[in-house]
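Read the structure below first, then the notes.
A note on names: the letters A, B, ... follow the listed sequences, proteins ahead of strands, and every chain is numbered from 1. Keep in mind that this is a model prediction, so the values were computed, not measured.
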Number of protein chains: 2
Amino acid sequence: MTAEAAYRDVPCPIGRAADVLGDRWTLLILRTATTGETRFDRFRAELGVADNILAARLAKLVAAGLLTKVPYRDGGRTRHEYRLTPAGADALPVLLAMARWGERHTRTTDPSGPMRVLHSVCGQALASGEYCAHCGRLVTRDETVWIRPWRSPEPVAMAQPAVDAQGVADGAA
Amino acid sequence: MTAEAAYRDVPCPIGRAADVLGDRWTLLILRTATTGETRFDRFRAELGVADNILAARLAKLVAAGLLTKVPYRDGGRTRHEYRLTPAGADALPVLLAMARWGERHTRTTDPSGPMRVLHSVCGQALASGEYCAHCGRLVTRDETVWIRPWRSPEPVAMAQPAVDAQGVADGAA
DNA sequence: AGGCTTGGCTTGCGATATGAAAGTCAGGCC
DNA sequence: GGCCTGACTTTCATATCGCAAGCCAAGCCT
């Protein structure tokens with residue numbers, strides 16, 4: 001709705017990224033989508049976000065090309081799920097950098113251990129999000145798993161992006 | 001002012017980071033501080049942000065411990081500058097991840113070339129923010145330079161954080 | 001067939017945040 | 001003394017947030 005395109009075309013890529021990613025709910029939705037959630041009420045339950053805000057953010061993310069709305073069958077009826085596009089999946093390094101920053105520079109009273117990001121190939125924890133000191137090479141998305149002890153000891157794989165990559169253009173008519 | 005502490009103590013580090021960093025102006029202020037700007041009117045000029053918003057964001061960043069307000073002498077009078085703390089400087093990987101994402105997934109009409117992040121030790125461009133494929137090792141902050149052709153062909157070093165790291169705690173009285 | 005339930009939104013509305021513009025204030029400079 | 005500059009603070013109209021309620025389509029239950 002607010003097609004305030006003024007910030008979308010600045011020369012600095014950080015500025016352009018901040019226009020899309022510089023929002024609390026947007027980041028949390030991407031985090032949740034990255035762990036495999038796809039449905040409206042799952043996002044709502046995970047995030048505790050108000051319905052209208054969630055709807056607005058999902059629409060913004062679809063318009064920005066980070067999510068895509070794909071129909072699927074639920075029992076006998078057609079529903080929609082929000083899947084990461086390649087661009088949305090590519091926000092993973094941002095989330096990993098934030099996870100690291102949050103782990104180092106913020107505190108929680110939660111007694112379960114910290115989040116860990118593992119290289120599934122070797123099982124070692126990653127210090128930086130993208131490079132495995134143990135293997136000595138860059139880590140791909142599908143070699144990355146998260147362990148979030150406050151919800152489960154099980155590792156979680158990163159969701160695979162939807163193959164189709166539509167929705168890159170601007171949403172304004 | 002809005003000491004809405006509810007989001008500050010969630011178990012997920014991404015959530016805690018998003019509470020601090022999940023804001024457009026906050027990210028842009030950090031970007032600008034990272035390139036060495038320290039003063040109110042320099043931030044204003046760089047970002048085109050309204051005075052009251054800038055003041056609020058700077059205060060939030062000081063309260064969150066990413067910036068520190070240090071007095072300095074300007075001619076014969078005392079002024080204040082906003083310097084990055086170690087925690088603020090440590091947001092660099094987030095900015096680099098965002099720069100990469102922005103470069104790959106957004107478009108600009110600006111004709112000057114893309115932003116480049118170089119490893120000053122070897123002069124090579126960094127593909128991922130933190131790991132130099134050319135040198136085969138992790139890149140530190142002070143080995144990182146930015147080239148932003150839309151403002152100058154000259155490389156810019158990352159600002160050094162202030163040595164004192166006060167201001168980590170909550171700001172609410 | 002009629003009603004219940006579930007998922008996915010939309011609407012209303014008061015509270016809060018945004019942002020342009022103007023005002024304030026301290027201290028140096030002319 | 002008056003002007004200027006930097007760094008805010010205040011004002012005010014607008015926009016956004018987020019709770020709560022309403023809505024609707026489609027299956028399911030009886």
Q. Please give, in whole Å, the distance from dA15(D) P to Y7(A) OH?
A. 14 Å
(Q) Rounded to whole Å, please give me the gap between CG in L47(B) and P in dA20(C). (A) 13 Å
Q.
Quick check for you: among dC9(C), dG7(C), dT18(C), whose closest atom lies nearest to any side-chain atom of F40(A)?
A. dC9(C)
Q: Could you say whether A56(A) or D51(B) is positioned toward the 5' end of DNA chain D, judged by the nucleotide with the nearest heavy atom to each?
A: D51(B)
Q | Closest listed nucleotide, where the reference is the side chain of R39(B) and the choices are dT10(C), dC8(D), dA7(D) | A | dA7(D)
Q: Measure the acute angle between the ring planes of Y131(B) and Y131(A), then classify it against the limits of 30° and 60° as parallel, tilted or perpendicular.
A: parallel
**Q.** Among dG18(D), dC8(D), dT18(C), the one nearest D23(B) by side-chain distance
**A.** dT18(C)
**Q.** Short side-chain N/O contact from K69(A) to OP1 or OP2 of dC9(C), under 4.0 Å
**A.** yes
Q.
Under 3.5 Å, is there any donor-acceptor pair linking the side chain of N52(B) to the base of dG19(C)?
A. yes
Q. Hey, does T34(B) have a side-chain heavy atom less than 4.5 Å from the side chain of L95(B)?
A. yes
Q: Would you mind telling me which of dC8(D), dT10(C), dC19(D) lies closest to the side-chain atoms of A55(A)?
A: dT10(C)
Q: Measure from the side chain of R79(A), starting at C-beta and using heavy atoms only, and say which of dT5(D), dT10(C), dG7(C) lies closest.
A: dG7(C)
Q) If only side-chain N and O atoms of R42(A) are considered, is one of them under 4.0 Å from the OP1 or OP2 phosphate oxygen of dG8(C)? A) no
Q) L54(B) has an atom CG; how far is it from atom P of dT10(D), in whole Å? A) 16 Å
**Q.** Main-chain N/O of L66(B) paired with T85(B) side-chain donor or acceptor, under 3.5 Å
**A.** yes
**Q.** Spacing of L58(B) atom CG relative to dG6(D) atom P, expressed in whole Å
**A.** 16 Å
Q.
Of the listed nucleotides (dG18(D), dA20(C), dA21(D)), which one gets closest to any side-chain atom of W25(A)?
A. dG18(D)
Q: Answer with base, sugar-phosphate or nothing: what part of the nucleic acid does R24(B) contact at a heavy-atom distance below 4.0 Å?
A: nothing
Q) Taking atom C1' of dT18(C) as reference, at what distance in whole Å does atom CG of D19(A) sit? A) 15 Å
(Q) Using the rule given for side-chain contact (heavy atoms from CB on, under 4.5 Å), can you reason through T106(B) versus R8(A), listing the C-alpha separation, both sets of side-chain angles and the distance that settles it, and then say yes or no? (A) CA-CA 8 Å; T106(B) 63; R8(A) 288 227 287 255; over 6 Å; no
Q | Nearest-angstrom distance from the residue atom NE2 of H80(A) to P of dA26(D) | A | 11 Å
Q | Pairwise distance CE(M115(A)) to CZ(R16(B)) - rounded to 0.5 angstrom | A | 10.5 Å
Q) Separation of F43(A) atom CZ from dG8(C) atom C1', in whole Å? A) 13 Å
Q. Atom CD1 of I53(B) to atom P of dA22(C): distance rounded to whole Å?
A. 17 Å
Residues 119-126 of chain B, side-chain donor-acceptor partners within the protein, below 3.5 Å, at least two apart:
from    : atom 1 : to      : atom 2 : distance (Å)
H119(B) : NE2    : E143(B) : OE1    : 2.8
S120(B) : OG     : E143(B) : O      : 3.1

Q) Any idea which of dG19(C), dG6(D), dT18(C) is nearest the D41(B) side chain? A) dG6(D)
Q.
At less than 4.0 Å, is any side-chain N or O atom of Y82(A) found next to OP1 or OP2 of dG7(C)? Yes or no.
A. no
